[in-house]
Amino acid sequence: MIYRTLKSIGMQWDEGPDIGGDYGPYVQSERKSMYLPYAQELVKKGKAYYCFCTEEELSARREEAAKRGETFKYDKHCLHLSPEEVQRRLDAGEPYVIRQNVPESGEASFDDAIYGHIAVDCSDLDDMILIKADGMPTYNFANVIDDHTMGITHVMRGNEYLASTPKYNLLYDAFGWEKPTYIHMTPIMRDASHKLSKRDGDAYFEDYINKGYLKEAIVNYVALLGWNPGDDREFFTMDELIGAFSVDGMSKSPAIFDVNKLTWMNAEYIRRLTPEAFTAQAMPYYEKAGIDTSRTDVLCRILQPRVETFAQIPEIVDFLAQLPDYDVELFTNKKSKTNPDVAREVLDMVIPLLESLPDWEEATVHDALMNLAAEKGLKNGTLLWPVRIALAGKQVTPGGAIEIALLLGRAESLKRLKAGREKLA
RNA sequence: GGCCCCGUGGUCAAGCGGUUAAGACAUCGCCCUUUCACGGCGGUAACAGGAGUUCGAUUCUCCUCGGGGUCACCA
């Protein structure tokens, strides 16, 4: 899913398990044999040591410490084993792990591109396990070896690693390796205290796509979470994003994901679509709504400025497919100066007028209706409100009476108008 | 609990010792109008709290409070 998502938004990578590259293998299980020699090198340098303490023993001690309200820290017991004893136990095939030998005092630190200098006291650090009893490296260790052997220069990752990075850097120092540039980033949050998480049921990229959001809008919105370009620009294509990006604009504090603003931005993207692009994106939703698509020009005109996500389309146009069962009270509207009595008179004039029209072109329908209003000295609204209600059977519609008439076509329009007149009888 | 990090309106987010504390979303009002939108104009709304430092703190320091992260033979 991650590959799919990255590809669909146009993100590319130079190497990886899927496309290969010069620094492979890229799958952990295919690399397992390369870590032990590095750990042994550390042992030789006195920066690591063999440990024969069992897991059971350790977890018992950990529990005890927890009971006393203390933080458990390995006491370096096995560091003090004599070389001879270590060799003897190794030869005897006793299970062992290799632990990092963290100095008893001093400071471990690094400089993060966003957070600056991060330092922790070595005395607070535990001698973490580098190689497990099964010979596999722990993530902590593999992470360092992999980054170095793969020639990684910049590490961008979640800031949950902020506190443990100084400890990893002790390893770089022990090997005498150059450290990468670290850029720790805040997570995107659901609310003030929970991060956004697909696992916890939060909607993710593909969910939004399925809800009718445009991928460009999602990328644009998310890019602005935890980063700002240094000016007031808000709309970016991927290329513009690449050009404008700088670590300087990244924020130290987490940002809460606001669907509201995403939705607004999506609406902006929709409005900027060409009519052709809009129609192409909207078509599946037209079909879902079961509406006639012979006038996509009119559909686009009324929907494009109104819709915030494509998924809203079926509900908004449902009345086109089928006239809802509506109440005559809908014909009442104070501002348009209309009520059932007025509506009856209006429909009595409009129906024969529309029946007599030579064609059903927009200009023809429009002019006929407007001229009638002018002739009778009626407000446009007074004439058009009843027509729209009879055509749509709904108080709120996208577009006005004329547009709806065009979408419905002559026969259906007249049928609905007459049905409306019936209701008013 | 120890250690690390963070803290400007409801949300995103400028600000980097002196500002009427930007802008955007949301919200409210007005205008436009053929309903609803779109669009235009305007309003409400913030420096978590307390001590310092300084002529002057949103900005620097410390403490408190709040939130997050991390303390595995998981990654």
Side-chain angles (χ1 to χ4, degrees), chain A residues 28 51 53-55 58-59 62 65-66 68-73 95-99 112 114-116 118-121 123-126 128-143 158-167 184 186-189 191-195 221 224-235 249 251-265 267-268 271 302-308 316 330 333 335-336 366 369-370 373 379-389 392 394-404:
Chain A
Q28 191 74 61
C51 174
C53 297
T54 67
E55 212 174 336
L58 256 20
S59 59
R62 210 185 313 275
R68 288 196 305 269
E70 290 167 15
T71 308
F72 175 78
K73 214 182 122 185
Y96 68 91
V97 301
I98 296 179
R99 283 182 184 273
D112 184 84
I114 293 173
Y115 289 93
I118 304 291
V120 339
D121 240 334
S123 59
D124 289 325
L125 266 23
D126 201 6
M128 64 179 181
I129 289 173
L130 270 19
I131 299 289
K132 299 186 274 186
D134 63 3
M136 293 288 278
T138 57
Y139 166 79
N140 299 313
F141 190 52
N143 156 255
N159 68 5
E160 66 265 27
Y161 291 97
L162 207 51
S164 43
T165 300
K167 184 154 66 170
H184 286 94
T186 61
I188 293 175
M189 309 293 282
D191 55 50
S193 49
H194 303 276
K195 64 177 168 182
Y221 172 67
L224 260 14
L225 249 26
W227 173 77
N228 82 83
D231 54 39
D232 280 344
R233 279 180 299 166
E234 290 203 288
F235 290 90
S251 161
K252 291 180 187 176
S253 50
I256 297 173
F257 186 90
D258 182 8
V259 195
N260 240 333
K261 187 151 185 180
L262 199 219
T263 303
W264 163 79
M265 184 162 272
E268 286 292 317
R271 283 177 218 127
I302 66 170
L303 259 16
Q304 192 169 13
R306 262 168 268 256
V307 151
E308 294 177 304
I316 296 184
L330 281 192
N333 182 270
K335 213 178 144 202
S336 294
H366 175 270
L369 256 15
M370 294 317 240
K379 271 180 76 155
N380 289 340
T382 308
L383 182 87
L384 294 167
W385 180 280
V387 174
R388 191 175 58 82
I389 293 302
K394 214 176 168 184
Q395 177 148 14
V396 173
T397 59
I402 294 158
E403 284 142 332
I404 293 169

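Keep in mind that this is a model prediction, so the values were computed, not measured. First the proteins, then the strands, lettered A, B, ... as listed; each starts at 1.
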Minimum heavy-atom separation for [X] to [Y], with atom names?
X: A:A373; Y: A:L383; value: CB-CD2, 3.9 Å
X: A:P137; Y: A:K132; value: O-CE, 3.6 Å
X: A:H184; Y: A:D112; value: ND1-OD1, 2.7 Å

If the [atom1] atom of [N] is compared with that of [M], how far apart are they to the nearest Å?
N: B:G66; M: B:C28; atom1: P; result: 34 Å
N: B:A46; M: B:A24; atom1: C1'; result: 15 Å
N: B:A48; M: B:C30; atom1: P; result: 35 Å
N: B:G50; M: B:C31; atom1: P; result: 43 Å
N: B:U33; M: B:C38; atom1: C1'; result: 11 Å
N: B:A21; M: B:C71; atom1: C1'; result: 40 Å
N: B:U59; M: B:U8; atom1: P; result: 12 Å
N: B:U58; M: B:G39; atom1: C1'; result: 36 Å

Describe the nucleic acid contact of [X] in one word from base, sugar-phosphate, nothing, applying a heavy-atom distance below 4.0 Å.
X: A:D232; result: base
X: A:N140; result: base
X: A:A401; result: base
X: A:C51; result: nothing
X: A:F72; result: nothing
X: A:G226; result: sugar-phosphate
X: A:S253; result: sugar-phosphate
X: A:I129; result: base
X: A:A267; result: nothing
X: A:I402; result: base
X: A:E308; result: nothing
X: A:K335; result: base
X: A:E160; result: sugar-phosphate
X: A:A255; result: sugar-phosphate

Of all residues at least two apart in sequence or in a different chain, which pass the salt bridge (Lys or Arg N to Asp or Glu O under 4.0 Å) check with [X]?
X: A:E160; value: none
X: A:K195; value: none
X: A:K167; value: none
X: A:E70; value: A:R68

Name the pairing partner of [N], where a pair is Watson-Crick or G-U wobble with both distances under 3.5 Å, or state none.
N: B:A14; value: none
N: B:C3; value: B:G69
N: B:C41; value: B:G29
N: B:C47; value: none
N: B:A21; value: none
N: B:G9; value: none
N: B:C60; value: B:G52

Taking heavy atoms of chain A and a 4.0 Å limit, find me the 5'-most and 3'-most nucleotide of RNA chain B within that range. B:G1 to B:A75
Using the closest heavy atom to pick a nucleotide of RNA chain B for each, name whichever of A:A119 or A:D126 lands nearer the 5' end. A:A119
Comparing A:D124 with A:V396, nearest RNA chain B nucleotide closer to 5' gives the residue A:D124
List for me each residue that meets side-chain contact (heavy atoms from CB on, under 4.5 Å) alongside A:N228, sequence neighbours excluded, and say none if there are none. none
Derivation and outcome, side-chain contact (heavy atoms from CB on, under 4.5 Å), residues A:I129 and A:F141: CA-CA 8 Å; A:I129 289 173; A:F141 190 52; over 6 Å; no
A:N143 and A:Y161: CA distance, side-chain angles, deciding distance, side-chain hydrogen bond (donor to acceptor under 3.5 Å, both in side chains) verdict: CA-CA 11 Å; A:N143 156 255; A:Y161 291 97; over 6 Å; no
